[in-house]
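Here is the structure we will look at, set down as structure tokens.
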Amino acid sequence: MSATDSTEKPSSKPMHFIQNIISQDLASGLHQKIATRFPPEPNGYLHIGHAKSICLNFGMAEEFGGACNLRFDDTNPEKENEEFVNSIMEDVKWLGFNWNGKVKYTSDYFDQLFDWAIHLIKNGKAFVCNLSADEMQRYRGNFNEPGKNSPYRDRSVEENLAVFEKMRAGEFEEGTCSLRAKIDMASPNINLRDPILYRIKKAHHHQTGDKWCIYPSYDFAHGQSDAIEGITHSICTLEFEDHKPLYNWFIENLPVPAIPRQYEFARLNINYAVTSKRKLKQLVDENYVDGWNDPRMPTISGMRRRGFTPASLRNFCERIGVTRSDSVVDVGMLEFCVRDDLDKNAPRAMCVLQPLKLTLTNYPADKTEVLTLHNHPSREDLGDREIIFSNTLFIEQEDFREEANKKYKRLVLGKRVRLRGAYVIEAESVVKDASGNIIEVLAKVIEGTLGKDPEDGVKPKGVIHWVSANHNLNCEVRLYDRLFNDEAPDAGGKNFLDAMNPNNLQILENCKAEPSLAKAIVGQGFQFERQGYFCLDSKYSTQEKLVFNRTISLKDSFAKTEEQE
RNA sequence: AGGGGUAUCGCCAAGUGGUAAGGCAGCGGGUUUUGAUCCCGCCAUUCAGAGGUUCGAAUCCUUUUACCCCUGCCA
């Protein structure tokens, strides 16, 4: 909120169509205050696509001074449970949103919904149908042929009332009958061909227990729940557009307390990922990943465990926009958003992932120095930390080469490099094992180079990170790569499992982290200098054994130039 | 007797009759004790195609094409 908003217009983001609709409704006086809702079904964990919907619904309420409800759309007890309810609440809170009042459930309205079903029956607009599922499908017709009226369509109001009451009393088996709206079996919109309002499900419900054995359908429950809650703008995804005439039919034919309006936007798709609860569930159930919150999953809980921040996700949702056209956002956009946030806010630290011993020949073996490093190159408020320097260090294996061309800006035999925050050194010789692997590098410290360039004018080629061999934390680091190699794993008739990236996880043992990382806490992101952004793993990290997840690597233009040669 | 949607740069996306914003990616260059960040520059004579209206069209009209959604007692 800035006092100079009016003068910032040229740089401000243009409004998307939902914002336009809301501001017009407010300007015209249609609404004094808007109300939205985020209506997840608790049958799985939330994913990045839900984040878009959350940001949109809660975002509109925030932006226009309205309220947003969290409402569990719990009309199908067979697929839903409390675990999902809890994870969803946690994810919404973590993203930084507060729902209006207490959590709502569609099941809170089952009594009212039942009364409204009676109302429809009494007005001759609903009937109990005894067609089986198969029969009903045949009566429904198809895209090219109109449906036929159910033989039960003309039951009397009295009979319908009586049979519906028996339905509710549990006198019929599942699948033997259903309550249907009496609309138009010839409608080109199949949703209007006498849709089901209630079906029998003798299932225990996570909120209402065993009170009901009939449950309302999505269509019969959603709009009326919106009306009960005074939702003004009911925002959903494109596939529900065909349901809108039905949504409005209920609103028009029932004595609802308010008139909500439905608006549809395009769901989020991201390349190199799947975002379908069914497929994500399959990855979990068949153990391709380590649970719904596996750091490779595009679930909100997975991304949280991976080290994504709420700000990065919200910024991402802001950047991708809201439209009605199907689109596939490049995962690079998401990666940019995390890097952007973490670069600005994550304290820096050093950690050697694949250690190579480095001995400084002219530095006393019994000497140590305490060096002070800034926690962030530009954020003084993030403070400083101390690092111990000694004559035996670990550097990254890939930061040393016996010989290299001028493009290689790291340590080369006979050449110089700067040890981050410490001295410039020059490599003198290497020690190899029996099979010719370099197991140690010997180098000398160039005197007087702490915080200064060498006096002889021979500047180091680059800077590498390091950690003292006797002053570090042994830890495990997990490097994640995309779960799929195919940018559209589930496009066409493909089996998305065939596209899985076999190298989506690399576990590095015996990494060497600087001692300050002992104070790391779950949820806090660090930049391991020159490597990327990392965070403690909430599941496997312990006091005895630190486990870090790589959230995202740093942009690596060197890797790119190397590739080209 | 099918219906409902959507098409603007590799990817998102503004634009609503006055002569194509911005971001991501990419490509050059500068700064840098992170090959990061940051900074500067380049990146759509053209808006799915074809006609038409107009002084003027991504925007209006006609028509064609492509893609997405809908035939659960799922949401």
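By convention in this document, chain letters (A, B, ...) are assigned in the order of the sequence lines, proteins followed by strands, and residues within each chain are numbered from 1.
Contact annotation: side chain of A:Arg339 to base of B:U37, donor-acceptor pair absent below 3.5 Å. The base of B:U34 has none of its N or O atoms less than 3.5 Å from a complementary donor or acceptor on the side chain of A:Arg530. A:Asp242 contributes a side-chain N or O that forms a donor-acceptor pair with the base of B:G3 under 3.5 Å. At a cut-off of 3.5 angstrom, counting only N and O atoms as typed in the model, there is a donor on one side and an acceptor on the other between the side-chain of A:Gln527 and the base of B:U34.
Aromatic pair A:Phe528/A:Phe534: ring centres closer than 6.0 Å. Note: A:Phe38 and A:Phe72 fail the aromatic proximity criterion, with ring centroids not under 6.0 Å apart. With ring centers used as reference points, A:His205 lies under 6.0 Å from A:Tyr215.
Classified by its glycosidic torsion, B:G17 falls in the anti category, the angle being over 90° from 0.
An aromatic stack links A:Phe558 and the base of B:G35, using centre distance under 5.5 Å and interplanar angle under 30°. Stacking between A:Phe143 and the base of B:U71 is absent under the criterion of ring centres within 5.5 Å and planes under 30 degrees.
The closest side-chain donor-acceptor pair between A:Asn130 and A:Arg155 falls under 3.5 angstrom. There is no side-chain donor-acceptor pair under 3.5 Å between A:Asn43 and A:Glu80. For the residue pair A:Tyr247/A:Glu241, the side-chain donor-acceptor check at 3.5 Å is not satisfied.
Counting non-hydrogen atoms under 4.0 angstrom, A:Glu529 reaches a base of the nucleic acid. Within 4.0 Å of A:Leu131, counting heavy atoms only, lies at least one base atom of the nucleic acid. At a threshold of 4.0 angstrom between heavy atoms, the contacts of A:Gly175 include nucleobase atoms, whether or not backbone atoms are also involved. Within the 4.0 angstrom heavy-atom criterion, only backbone atoms of the sugar-phosphate kind lie near A:Lys201; the bases stay farther away.
Between the P atoms of B:C61 and B:A7, the separation comes to 15 Å (whole Å). B:A20 sits 16 Å from B:C9 when the P atoms are compared, rounded to a whole Å. B:A21 and B:G26 have their P atoms separated by 23 Å, with the value rounded to a whole Å. Straight-line distance between the P atoms of B:G10 and B:G49: roughly 13 Å, to the nearest whole Å. Using P as the reference atom, B:A13 and B:G18 are 23 Å apart when rounded to the nearest Å. Nucleotides B:U19 and B:U8 are separated by 16 Å at their C1' atoms, to the nearest Å. To the nearest whole angstrom, the two C1' atoms, one in B:C47 and one in B:A36, are 37 Å apart. Separating the P atom of B:A50 from that of B:C43 is a span of 25 Å, rounded to the nearest Å.
When each of B:A36, B:A25, B:A21 is scored by its nearest atom to the side-chain atoms of A:Pro14, the top-ranked nucleotide is B:A21.
Closest-nucleotide positions on RNA chain B for A:Asp330 and A:Thr75 were compared, and the one nearer the 5' end corresponds to A:Asp330. Mapping A:Arg410 and A:Thr323 onto RNA chain B via the closest heavy atom, the residue that lands nearer the 5' end is A:Thr323.
When both pairing distances are held under 3.5 Å, B:U54 makes no Watson-Crick or G-U pair with any nucleotide shown.
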